[in-house]
Amino acid sequence: MTRMLQNPFFDRPAEVVARELLGCVLCVRVGEKIERHIITETEAYVGPHDLASHASKGRTARTEVMFGRPGTIYMYLVYGMYDMLNIVTGEAGYPAAVLIRGVGKWNGPGKLTKALGITRTLNGQSVGKKVGLWVEEGETMVSSEQIESTPRIGVAYAKEWAEKELRFVLRR
DNA sequence: ACGATGATGAAC
DNA sequence: TTCATCATCGTA
């Protein structure tokens with residue numbers, strides 16, 4: 001009896017959602033099968049003032065989906081090679097999102113999307129069974145002691161925002 | 001330590 | 001239209 005995370009779960013600050021996603025289950029339909037993997041690492045991109053966030057550039061063709069409803073899938077290509085999976089958080093019109101950096105045995109945001117076949121075609125869609133990508137509640141309770149927080153990866157350009165501890169890792 | 005590889009946003 | 005940059009990763 002697992003519950004699929006709905007809109008209200010994502011309609012909260014990115015930092016809160018990023019923490020609470022740890023231990024939850026990323027579900028991906030691949031062909032006839034459903035792959036389920038525990039989310040182990042996330043990063044929060046908290047708003048337009050966050051210099052590490054794409055949304056700090058304002059509303060552009062790319063960032064438009066970050067301004068969408070909570071639970072919208074935001075995907076983009078980095079370094080010409082890797083699809084990054086994010087879920088938009090907070091109310092519509094406020095750009096914030098959580099980057100999924102690790103699930104199950106995969107560490108690294110580019111590795112997990114490649115392994116599970118998650119691509120930019122999902123950009124702008126809402127998480128859910130219809131699009132074959134959703135998140136379910138975890139089986140076990142995650143305590144705050146199990147969550148390690150660190151600065152985010154690969155955002156050295158973001159001045160004072162580079163140092164903020166907005167990356168969260170589930171200890172095992 | 002470095003190159004692959006292509007979209008993005010800003011400058012020109 | 002060009003140009004520097006980039007929420008990464010495998011190989012060396």
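Here is how names work: the chains are called A, B, and so on, in the same order as the sequence lines, proteins then strands, and each is numbered from 1.
- Looking only at distances, a side-chain donor or acceptor of Asp11(A) sits under 3.5 Å from a matching main-chain atom of Glu91(A).
- A heavy atom lying under 4.0 Å from DNA chain B marks the following residues of residues 79-87 of chain A, by number: Tyr79(A), Gly80(A), Met81(A).
- In this structure, Arg120(A) fails the cation-pi test against Tyr76(A), since its NZ or CZ atom is not both closer than 6.0 Å to the six-membered ring centre and inside 45 degrees of the ring normal.
- If you measure from atom OH of Tyr157(A) to atom C1' of dG9(B), you get 13 Å, rounded to the nearest angstrom.
- Under 4.0 Å is where a charged nitrogen must lie from a carboxylate oxygen, and between Glu43(A) and Arg152(A) no such pair does.
- For the residue pair His54(A)/Tyr74(A), the side-chain donor-acceptor check at 3.5 Å is satisfied.
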With both pairing distances under 3.5 angstrom for Watson-Crick or G-U wobble, and | for a partner in another strand, the correct string for DNA chain C is ||||||.||||.
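- His37(A) and Trp106(A) have perpendicular rings, their planes meeting at more than 60° on a 0 to 90° scale where under 30° would count as parallel.
- Applying the 4.0 Å criterion to OP1 and OP2 of dG9(B), one finds that Arg62(A) has a side-chain N or O inside that range.
- Scanning both residues, Val155(A) and Ala162(A), for their nearest heavy atoms gives O-CB, 3.3 Å.
- Taking every heavy atom of residues 42-58 of chain A and every atom of DNA chain C, pairs under 4.0 Å involve Tyr45(A), Ala52(A), His54(A), by number.
- Protein chain A touches strand DNA chain C; the 5'-most and 3'-most nucleotides with an atom under 4.0 angstrom of its non-hydrogen atoms are dC6(C) to dG10(C).
- A salt bridge links Arg12(A) to Glu20(A): one of the charged nitrogens lies within less than 4.0 Å of a carboxylate oxygen.
- Within residues 100-123 of chain A, the residues having any heavy atom closer than 4.0 Å to DNA chain B are, in order of number, Arg120(A).
- Glu139(A) meets the side-chain hydrogen bond (donor to acceptor under 3.5 Å, both in side chains) test with no other residue; sequence neighbours excluded.
- For the pair Leu170(A) and Ile39(A), the tightest heavy-atom approach, listed with the atom from each and the gap, is CD2-O, 4.0 Å.
- Remark: Glu136(A) does not engage Arg3(A) in a salt bridge, criterion side-chain N to carboxylate O under 4.0 Å.
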